Asks: 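This is the structure I have questions about; it appears just below.
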Amino acid sequence: MNVAQKEVERLAAEIAEAARRSFRALFANGEHYYYCTLYTTGEGHAPSLSAWSREALEQEAARQSEGGSTPAAEIAELIKWSYADSPYCCFGDEHFDEVKRLFQARPSIAELEDDAWNDEFTMRLGAMELAMRMLDAEGLFALNQPREDVCVLAEVMPPDEGNTDIALRLNQAESPVMQAWLTEAAE
């Protein structure tokens, strides 16, 4: 195993530990989740968690439609895949302190040039994807619902086409939830 792969695995293990604690705390509410993601920015900052449950989407759409002219069903379609609109955006962020420390200890991505920047960013995103794969292998995303009902992602925001590649590696492309994501949210 080369040095870069060891770095990816070390970061992935820390990300998985933080995400495991956060998702377990979130899933304790008993809601039925269809979207679980770790997201980062185009600058490769330490990841944060976001998720949507069917119950949270219904409640948030109803809340946003109160007193307005836009029906809740229309709002739900607009926010369904939005990490930022979820009431669970940054949920459990306190569990990511060590991950943030590890990301800050890495080379400053803003100061890197072309290939070095790309390599560092790819390594960080690869660690996020591996962490989600590890959690999936543990059965974490099947705690409140069948796994095939959950779109598991590691994403860059704002979205880019690389998100679709990762989504297809982490999920069964033929599952109804992935087909919905591919149609409604994929870049």
Side-chain angles (χ1 to χ4, degrees), residues 1-27 33-52 81-86 88-141 147 150-173 177-178 181-182 184-187:
M1 182 181 305
N2 65 33
V3 173
Q5 186 60 33
K6 285 182 183 178
E7 289 180 41
V8 167
E9 289 183 3
R10 179 172 180 240
L11 270 181
E14 287 296 334
I15 294 167
E17 177 57 30
R20 180 183 300 109
R21 292 171 66 197
S22 298
F23 278 121
R24 284 190 183 277
L26 178 60
F27 294 168
Y33 291 83
Y34 66 87
Y35 170 77
C36 294
T37 189
L38 285 177
Y39 68 91
T40 188
T41 62
E43 293 81 27
H45 293 291
S48 292
L49 177 152
S50 190
W52 273 109
W81 302 108
S82 171
Y83 79 97
D85 287 305
S86 171
Y88 303 129
C89 184
C90 297
F91 188 91
D93 212 37
E94 66 276 7
H95 299 298
F96 284 83
D97 289 345
E98 179 61 13
V99 174
K100 290 174 186 172
R101 189 192 68 72
L102 289 172
F103 270 63
Q104 289 170 349
R106 299 206 46 79
S108 173
I109 204 164
E111 296 172 9
L112 297 174
E113 298 295 323
D114 301 324
D115 288 344
W117 182 97
N118 190 52
D119 291 346
E120 181 66 20
F121 184 79
T122 300
M123 189 275 304
R124 292 174 186 210
L125 194 55
M128 290 168 52
E129 179 181 350
L130 179 57
M132 293 299 267
R133 186 177 314 286
M134 293 163 63
L135 297 175
D136 195 13
E138 295 170 10
L140 182 71
F141 301 111
R147 167 57 180 95
V150 184
C151 186
V152 174
L153 302 170
E155 302 177 280
V156 176
M157 295 301 163
D160 69 31
E161 64 257 1
N163 290 351
T164 302
D165 296 333
I166 293 170
L168 290 170
R169 288 192 297 267
L170 289 174
N171 300 276
Q172 293 181 359
V177 73
M178 263 308 290
W181 185 85
L182 288 168
E184 299 166 7
E187 295 300 314

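Bear in mind that the values here come from a model prediction, so they are computed numbers and not experimental data.
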Asks: Do you know the tightest heavy-atom contact between Ala16 and Leu135?
Replies: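 Result for this residue pair: O-CD2, 3.6 Å.
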Asks: Counting neighbours of CD on Gln172 that are heavy atoms of other residues, nucleotides or ligands and sit closer than 6.0 Å, is the number greater than 12?
Replies: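 No, because the 6.0 Å sphere around CD of Gln172 holds 12 heavy atoms or fewer from other groups.
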Asks: With rounding to the nearest 0.5 Å, note down the distance linking SG in Cys90 to CZ in Phe96.
Replies: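 One finds 9.5 Å between SG of Cys90 and CZ of Phe96.
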Asks: Got a second to check how far Phe103's CZ is from Leu11's CG, nearest 0.5 Å?
Replies: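 Phe103 CZ to Leu11 CG: 5.0 Å, rounded to 0.5 Å.
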Asks: Mind checking salt bridge (Lys or Arg N to Asp or Glu O under 4.0 Å) for Glu138 and listing every partner two or more places apart, or none if nothing turns up?
Replies: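 Counting only residues at least two positions away or on another chain, Glu138 forms a salt bridge (Lys or Arg N to Asp or Glu O under 4.0 Å) with Arg20.
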Asks: To the closest 0.5 Å, what do you measure between CE (Met157) and OG (Ser48)?
Replies: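 Between Met157 CE and Ser48 OG, I get 11.5 Å after rounding to 0.5 Å.
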Asks: Do side-chain atoms of Arg124 reach the backbone of Gly44 as a donor and acceptor pair under 3.5 angstrom?
Replies: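 The answer is yes, because a donor-acceptor pair under 3.5 Å joins these two groups.
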Asks: To the nearest 0.5 Å, what is the distance between CG on Leu26 and OG on Ser50?
Replies: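 Separation between the atoms: 9.0 Å.
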Asks: Mind checking what makes side chain to side chain donor-acceptor pair (under 3.5 Å) contact with Asp136, not counting sequence neighbours?
Replies: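 With neighbours one apart ignored, the set is Arg147.
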Asks: For Thr37, which residues count as a side chain to side chain donor-acceptor pair (under 3.5 Å) partner, sequence neighbours excluded?
Replies: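 With sequence neighbours excluded, Thr37 shows a side chain to side chain donor-acceptor pair (under 3.5 Å) to Glu155, given in chain and number order.
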Asks: Starting from the C-alpha separation in whole Å, work towards a yes-or-no answer on side chain to side chain contact (heavy atoms under 4.5 Å, CB included) for Leu102 and Glu98.
Replies: CA-CA 6 Å; Leu102 289 172; Glu98 179 61 13; 3.8 Å; yes
Asks: Can you list the residues that meet the side chain to side chain donor-acceptor pair (under 3.5 Å) rule with Gln104, with sequence neighbours excluded?
Replies: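 Once residues adjacent in sequence are excluded, Gln104 has no partner under the side chain to side chain donor-acceptor pair (under 3.5 Å) criterion.
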Asks: Counting C-beta onward and ignoring hydrogens, is there a side-chain heavy-atom pair between Leu153 and Trp181 closer than 4.5 Å?
Replies: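 Side-chain contact under 4.5 Å: yes.
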Asks: Is it true that Arg10 and Glu14 make a salt bridge, defined as a side-chain N closer than 4.0 Å to a carboxylate O?
Replies: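 Salt bridge flag = no for Glu14 with Arg10.
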Asks: Grab the two heavy atoms, one from Ala12 and one from Ala131, that are nearest each other, plus how far apart they are.
Replies: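 Looks like O-CB, 3.5 Å.
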Asks: Is there side-chain contact between Tyr35 and Val177, with heavy atoms separated by less than 4.5 Å?
Replies: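 They are not in contact (no side-chain heavy atoms under 4.5 Å apart), so the answer is no.
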Asks: For Phe27, enumerate each residue passing the ring pair (Phe, Tyr, Trp, His ring centres under 6.0 Å) test, keeping only those at least two apart in sequence or located in another chain.
Replies: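 Partners of Phe27 by the ring pair (Phe, Tyr, Trp, His ring centres under 6.0 Å) criterion, ordered by chain and then number, come out as Phe23, Tyr33.
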Asks: Over all heavy atoms of both residues, which pair between Phe141 and Cys36 is shortest? Give the atoms and the distance, please.
Replies: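 It is CE2-CB, 3.8 Å.
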Asks: If I take atom CG from residue Leu182 and atom CG from residue Leu168, how far apart are they, to the nearest 0.5 angstrom?
Replies: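 These two atoms lie 5.5 Å from each other.
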Asks: Closest heavy-atom contact between Pro47 and Val99?
Replies: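 Closest approach of Pro47 to Val99, heavy atoms only: CD-CG1, 3.8 Å.
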Asks: Working to the nearest 0.5 Å, report the span between CD of Glu120 and CD of Glu7.
Replies: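 One gets 7.5 Å once the value is rounded to the nearest 0.5 Å.
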Asks: For the side chain of Trp52 and the backbone of Ser82, is there at least one donor-acceptor N/O pair under 3.5 Å apart?
Replies: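 Yes, the answer is positive, given that a donor and an acceptor are paired below the 3.5 Å cut-off.
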Asks: Residues in side chain to side chain donor-acceptor pair (under 3.5 Å) with Thr122, at least two apart?
Replies: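 Here no residue qualifies.
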Asks: Hey, is Lys6 close enough to Glu9 for a salt bridge, meaning N to O under 4.0 Å?
Replies: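 Salt bridge between Lys6 and Glu9, a charged N being under 4.0 Å from a carboxylate O: no.
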Asks: Quick check: closest heavy atoms across Met178 and Ala173, and the distance to 0.1 Å?
Replies: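 Where Met178 meets Ala173 most closely, the heavy atoms are CB-O, 3.8 Å.
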Asks: So His45 and Ile109, do their side chains get closer than 4.5 Å, heavy atoms only?
Replies: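 When only atoms from C-beta onward are counted, His45 and Ile109 do not touch, as no gap falls below 4.5 Å.
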Asks: Please determine whether the number of non-hydrogen atoms from other residues, nucleotides or ligands lying under 6.0 Å from atom CD of Glu113 exceeds 12.
Replies: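 It does not: Glu113 CD has 12 such atoms or fewer within range.
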Asks: How close do Ala19 and Leu49 get, counting heavy atoms only, and between which atoms?
Replies: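 Nearest pair, atom of Ala19 first, then Leu49: O-CD1, 4.2 Å.
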Asks: Consider side-chain contact (heavy atoms from CB on, under 4.5 Å). Of Leu170, Asn171, Ile166, Leu140, which one does Met132 pass it with?
Replies: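 In the set Leu170, Asn171, Ile166, Leu140, the residue that makes a side-chain contact (heavy atoms from CB on, under 4.5 Å) with Met132 is Leu170.
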Asks: Check step by step if side chain to side chain contact (heavy atoms under 4.5 Å, CB included) holds for Ser86 and Phe91.
Replies: CA-CA 10 Å; Ser86 171; Phe91 188 91; over 6 Å; no
Asks: Can you find a heavy atom in the side chain of Leu125 that is under 4.5 Å from one in the side chain of Glu129?
Replies: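 No, side chains not in contact.
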